[in-house]
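Starting off with a structure, shown below.
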Amino acid sequence: MNETLVQINNISKIYPTGEGGFLALNKLSLDITDGEFMGIVGPSGSGKTTLLNIIGTLDEQTSGEVLVLGKHVNKLSSKESASLRANKIGFIFQTYNLLPVYTVYENVELPLLLLQMKKEERRKAVMQALEWVGLTDKMHSRPNQLSGGQGQRVSIARAMVKTPRLVIADEPTANLDTENSINILDTMLKINQDIGTTFIFSTHDPKVIQYLKRVVTLIDGEKVKDDYQTGI
Ligand SMILES: Nc1ncnc2c1ncn2[C@@H]1O[C@H](COP(=O)(O)OP(=O)(O)O)[C@@H](O)[C@H]1O
Ligand SMILES: [Mg+2]
């Protein structure tokens with residue numbers, strides 16, 4: 001524990017556009033420690049998704065350094081970064097991204113098909129992940145038979161099934177009502193407390209923000225605040 005999981009040193013991100021490029025992140029530095037339950041907060045367009053995509057090795061900074069689990073991510077080959085993602089990083093998106101033709105069980109099993117795991121080992125991991133999110137009884141259902149809150153819980157199970165070190169959740173409650181938002185936050189907080197998985201959220205939802213132990217605020221691609229919250 002207390003190892004630095006993500007190290008961001010003075011990164012900028014410029015998206016190529018017609019006239020010279022758009023500066024989406026401006027000289028940002030941030031360290032995230034193993035076991036944190038933290039969020040990137042800021043208005044729409046402030047650079048939250050850009051930052052999460054870079055931490056998740058889905059995109060690269062234009063300048064500066066990013067280390068994830070001690071590895072310089074822009075020095076990894078695409079095969080190495082795919083392996084880092086497949087083994088160590090879980091993703092949760094605003095729109096769940098479940099595959100409609102597959103059952104809940106199969107959706108949760110999907111990330112394990114990228115790993116060398118036997119069927120029986122996969123079954124154990126899927127059942128454990130479904131238990132973490134309280135959806136064992138829905139394992140044979142398909143996504144269109146679930147409520148929004150249940151759908152997002154399936155996507156938490158899918159992110160957790162390989163017991164990653166790090167889960168990245170981009171506005172996970174944006175499509176949920178208050179009750180379901182609180183329910184999925186309780187689920188993620190419990191996982192964080194029970195097995196120490198690090199969670200990095202992006203959000204501008206006050207319901208999410210009150211759960212976070214640390215809040216990093218972005219405005220126009222700049223880090224303007226980094227606060228630790230107590231009393232949670
Ligand atoms: N591929 C892209 N090309 C050009 N500009 C982009 C691209 N992706 C995002 N942006 C711009 O970068 C800024 C930050 O976007 P984003 O990281 O998605 O913000 P947030 O997630 O906080 O809403 C926005 O102004 C957005 O329009
Ligand atoms: Mg976004």
Side-chain angles (χ1 to χ4, degrees), residues 5-32 36-68 73-74 76 78 81-82 84-85 89-98 148-149 151-156 158-159 164 166-178 180-182 184-185 188 198-227 229:
L5 213 62
V6 177
Q7 242 181 299
I8 296 171
N9 298 326
N10 201 31
I11 63 164
S12 294
K13 172 70 181 180
I14 301 171
Y15 286 112
T17 58
E19 15 16 283
F22 180 82
L23 181 63
L25 294 176
N26 190 6
K27 296 185 183 149
L28 187 140
S29 296
L30 179 66
D31 281 358
I32 299 169
E36 284 203 55
F37 198 76
M38 63 90 68
I40 313 294
V41 169
S44 178
S46 55
K48 302 182 298 295
T49 296
T50 302
L51 180 58
L52 292 190
N53 285 346
I54 291 172
I55 295 171
T57 79
L58 297 169
D59 196 3
E60 281 185 9
Q61 71 276 20
T62 309
S63 62
E65 281 190 320
V66 178
L67 285 88
V68 176
V73 295
N74 62 344
L76 299 177
S78 57
S81 65
L84 180 69
R85 284 193 297 278
I89 307 177
F91 293 90
I92 296 170
F93 302 99
Q94 178 176 338
T95 50
Y96 325 145
N97 296 1
L98 302 176
Q152 192 58 306
R153 279 194 279 149
V154 176
S155 85
I156 298 169
R158 183 186 53 190
L166 174 64
V167 170
I168 291 177
D170 195 357
E171 307 220 23
T173 62
N175 291 334
L176 298 179
D177 60 28
T178 302
N180 279 305
S181 298
I182 288 172
I184 72 140
L185 282 160
M188 290 191 271
T198 303
F199 281 81
I200 307 177
F201 298 86
S202 85
T203 189
H204 51 235
D205 180 347
K207 296 186 294 291
V208 178
I209 296 169
Q210 66 175 1
Y211 270 78
L212 301 172
K213 304 207 168 128
R214 177 183 178 195
V215 178
V216 169
T217 307
L218 296 188
I219 297 202
D220 292 338
E222 285 189 40
K223 186 174 98 173
V224 296
K225 262 205 280 185
D226 188 348
D227 289 333
Q229 308 197 116

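In what follows, every heavy atom counts, from backbone to side chain, and hydrogens, waters and symmetry copies are set aside. Remember, predicted model here, so these are calculated numbers, not experimental data. One-based numbering, in listed order, for ligands and for the atoms of each. Count residues from 1 along the sequence.
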Worksheet entry | From Lys27 atom NZ to Lys223 atom NZ, the distance as rounded to the nearest 0.5 Å | 15.0 Å
Discussion item. Evaluate Ser46 for polar contact with ligand 1, using N/O atom pairs at a separation under 3.5 Å.
Written reply: yes
Discussion item. Thr178: which residues meet the side-chain contact (heavy atoms from CB on, under 4.5 Å) condition with it, sequence neighbours left out?
Written reply: Ile182, Lys207
Worksheet item: Looking at ligand 1, does Pro43 have a heavy atom less than 4.0 Å from it?
Response: yes
Worksheet item: At what distance, to the nearest 0.5 angstrom, does OG1 of Thr50 lie from OH of Tyr15?
Response: 3.0 Å
Discussion item. Looking at Asp170 and Lys48, is there a salt bridge between them, counting it only when a charged N and a carboxylate O are closer than 4.0 Å?
Written reply: no
Worksheet item: Going through the distances and angles, do Leu25 and Ile54 end up as a side-chain contact (heavy atoms from CB on, under 4.5 Å)?
Response: CA-CA 11 Å; Leu25 294 176; Ile54 291 172; 3.9 Å; yes
Worksheet item: By side-chain contact (heavy atoms from CB on, under 4.5 Å), which residues pair with Asp220, not counting sequence neighbours?
Response: none
Worksheet item: Tell me: protein heavy atom nearest atom 17 (O) of ligand 1, and distance?
Response: Thr50 OG1, 2.5 Å
Worksheet item: For Gly47 and ligand 1, does the shortest N/O to N/O distance drop below 3.5 Å?
Response: yes
Worksheet item: Looking at atom 24 (C) of ligand 1, what's its closest protein heavy atom, distance included?
Response: Gly45 O, 3.7 Å
Worksheet item: Are any non-hydrogen side-chain atoms of Gln210 and Gln229 less than 4.5 angstrom apart?
Response: no
Practice prompt. Determine, counting only non-hydrogen atoms of the protein, whether one lies under 4.0 angstrom from atom 22 (O) of ligand 1.
Written response: yes
Item to complete: Starting from atom 18 (O) of ligand 1, find the nearest protein heavy-atom neighbour and note its residue, name and distance.
Response: Thr49 CB, 3.7 Å
Practice prompt. With 2.8 Å as the limit, jot down which protein N, O or S atoms are around the Mg ion (ligand 2).
Written response: Thr49 OG1
Worksheet entry | Any Asp177 side-chain heavy atom under 4.5 Å of Asn180 side chain | yes
Worksheet entry | Minimum-distance protein heavy atom relative to atom 12 (O) of ligand 1 | Phe22 CE2, 3.4 Å
Worksheet item: Can you tell me how far CD1 of Ile156 sits from OH of Tyr96, rounded to the nearest 0.5 angstrom?
Response: 10.0 Å
Worksheet item: Would you say Gly42 contacts ligand 1, with heavy atoms under 4.0 Å as the rule?
Response: no
Worksheet item: So, Gln152 side chain and Thr95 main chain: donor-acceptor pair closer than 3.5 Å or not?
Response: no
Worksheet item: At a 4.0 Å threshold, what atoms of ligand 1 neighbour a non-hydrogen atom of Ala24?
Response: 12 (O)
Fill in: Test item: Ile40 and Leu30 side chains (from C-beta on) under 4.5 Å apart, heavy atoms
yes
Worksheet item: Looking at atom 26 (C) of ligand 1, would you say a protein heavy atom lies below 4.0 Å from it?
Response: no
Practice prompt. Tell me, please, which residues at least two apart from Phe37 pass ring-ring contact (aromatic ring centres under 6.0 Å, His included).
Written response: Phe199, Phe201
Response to the item:
Among non-hydrogen protein atoms, atom 4 (C) of ligand 1 lies closest to Tyr15 CB, 3.3 Å
